[in-house]
Amino acid sequence: MVKESFITPEVKAMIGKESESTTGFEITEHEIKRYCLAVDDLNPLYIDKKAAEKGPHGGIIAPPLFHSYAIARMIPLSELRPDGTGRGGGGLNVPLKAERRMAGGVECEFVRPIRPGDTLTSKSRIADIYERAAKDGTLVVFTINETIFTNQKGEVVAINRSTGIAR
Amino acid sequence: MAKQLYFEDVTVGTEITPLVKNPTNTQLFLYSAATRNSHRIHYDKDWAAHEGHPNVLVHGPLQGAFLVQVMTDWIGDKGVLKKIGYQNRARCFPGTVTVKGKVTRKYVEDGKHYVDCEIWDEQDGHVCSPGTATAILPSRGK
């Protein structure tokens with residue numbers, strides 16, 4: 001069975017497309033500690049100022065993955081879907097004629113420590129869209145979305161790459 | 001507090017010290033709040049049932065945080081986690097989650113001592129979230 005490619009010119013044109021930048025809130029020791037309590041990781045490097053100051057980073061740092069939550073989505077109740085989620089994707093929605101969607105996975109690169117007093121900015125882009133044949137011959141589309149997080153000095157602190165699967 | 005791990009202490013196949021987590025409904029609520037996530041599937045059992053689940057679901061990124069912790073606890077204060085990747089493959093519910101892993105590669109690059117690991121979250125004997133991680137370990141400098 002020959003299936004039509006999902007990668008139409010309209011879809012291909014999305015490769016490289018970038019979102020607007022979004023800047024988050026100023027990170028505090030309090031917000032870091034709140035996240036640590038929520039994930040139940042009480043590593044002193046994140047929550048004990050005296051211990052952290054004696055440690056390799058000279059002060060409190062945020063745990064890896066915290067960066068994803070340092071930029072808050074602020075959505076009014078009236079704009080939430082019935083399931084409680086917010087709409088919108090930063091304008092990077094790829095018009096795929098594939099109905100079944102799955103999250104393929106996420107990869108995070110931790111470039112620099114994140115500290116209280118930092119403010120992060122994120123910017124996303126569609127890094128790639130490609131197609132592969134599954135074992136049954138049907139086509140599966142992979143969309144790679146890359147988000148770069150920088151701090152107030154313009155230094156890259158983290159990079160997220162998430163893969164969306166559609167068929 | 002565990003002893004600091006060094007590059008010379010591990011080989012391919014070395015097991016990472018397992019970590020046991022116990023995500024409760026309360027934890028899921030606090031994690032939703034801390035991450036500003038209002039998705040009902042994590043705190044509203046009736047809605048979860050409406051979507052076909054027997055209970056509320058543990059957030060994918062919370063399972064990711066467990067994977068981060070199995071690495072950071074094991075590599076110690078002098079280790080640096082550089083990369084983590086994971087897939088939320090099977091649903092995970094409130095209850096015991098065991099996080100495990102093992103070293104798949106060790107190498108030196110640009111004077112830094114790296115380990116690549118395979119890691120995963122497990123519940124009731126099956127894998128919920130498989131993943132990989134890369135960390136830099138201190139070396140005794142031989």
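Letters go in sequence order (proteins before strands), and every chain restarts at 1.
- Here B/Ile84 is the residue among B/Val68, B/Asp44, B/Ile84 with the most heavy-atom pairs under 4.5 Å with chain A.
- Among residues two or more places apart in sequence or in another chain, the side-chain hydrogen bond (donor to acceptor under 3.5 Å, both in side chains) test is passed with A/Ser124 by A/Thr147.
- For B/Pro61, the parts lying near chain A are the backbone and the side chain together; criterion is any non-hydrogen pair under 4.5 Å.
- For a residue to count as touching a neighbouring chain, one of its non-hydrogen atoms must lie under 4.5 Å from one of that chain's; by this rule B/Ala133 does not touch chain A.
- The two residues B/Ala65 and A/Leu65 have their closest heavy-atom pair at N-CD1, 3.7 Å.
- At a 4.5 Å heavy-atom cutoff, the contact between B/Leu62 and chain A is made by side-chain atoms alone.
- For the pair A/Leu37 and B/Leu30, the minimum side-chain heavy-atom distance is 4.5 Å or more.
- Neither the backbone nor the side chain of B/Phe29 comes within less than 4.5 Å of any heavy atom of chain A.
- By the neighbour-count criterion of 12 heavy atoms within 6.0 Å, atom CD of B/Glu15 is sparsely surrounded, having that number or fewer from other residues, nucleotides or ligands.
- In A/Glu155, the CD atom is crowded: over 12 heavy atoms of neighbouring residues, nucleotides or ligands sit closer than 6.0 Å.
- Applying the salt bridge (Lys or Arg N to Asp or Glu O under 4.0 Å) test to B/Lys106 and every residue at least two apart in sequence or in another chain returns nothing.
- Judged by distance alone, with hydrogens and angles left aside, the side-chain atoms of A/Thr85 form no donor-acceptor pair with the main-chain N or O of B/His39 at under 3.5 Å.
- Ranked by heavy-atom pairs shorter than 4.5 Å toward chain B, the options A/Asp41, A/Ile75, A/Asp83, A/Asp40 are led by A/Asp83.
- Follow the hydrophobic side-chain contacts under 4.5 Å out from A/Leu120 and you never reach A/Ile148; the two are in separate clusters.
- Note: the hydrophobic cluster containing A/Phe25 also contains A/Ile61 (ILVMFWY, side chain heavy atoms under 4.5 Å, direct or indirect links).
- In terms of non-hydrogen atom pairs under 4.5 Å with chain A, the most contact-rich of B/Glu51, B/Lys83, B/Gln27, B/Met71 is B/Lys83.
- When heavy atoms are compared at a cutoff of 4.5 Å, A/Pro64 approaches chain B by way of both its backbone and its side chain.
- Scored by the salt bridge (Lys or Arg N to Asp or Glu O under 4.0 Å) test, A/Lys33 finds no partners at all (sequence neighbours excluded).
- Two different hydrophobic clusters hold B/Tyr86 and B/Leu57 under the rule that ILVMFWY side chains link at heavy-atom gaps under 4.5 Å.
- With chain A as the partner, the residue from B/His42, B/Arg36, B/Lys78, B/His50 showing the most heavy-atom pairs under 4.5 Å is B/Arg36.
- With hydrophobic clusters built from ILVMFWY side chains whose heavy atoms lie under 4.5 angstrom apart, B/Leu137 does not share a cluster with B/Tyr114.
- A distance-only check finds a donor-acceptor pair linking the side chain of B/Arg40 to the backbone of A/Pro82 [under 3.5 Å].
- The cluster map of Ile, Leu, Val, Met, Phe, Trp and Tyr, joined by side-chain heavy atoms under 4.5 Å apart, puts B/Ile16 and B/Val99 in the same cluster.
- Aromatic ring orientation, A/Tyr35 versus B/Tyr31: tilted (interplanar angle from 30° to 60°).
- Smallest separation of non-hydrogen atoms from B/Ser38 and A/Gly84: OG-O, 2.6 Å.
- Contacts between residues 104-117 of chain A and chain B, counted as heavy-atom pairs separated by less than 4.5 Å, involve A/Gly104, A/Gly105, A/Val106, A/Glu107, A/Cys108, A/Glu109, A/Phe110, A/Val111.
- Taken to the nearest 0.5 Å, the CZ atom of A/Arg34 stands 9.0 Å off from the OG1 atom of B/Thr35.
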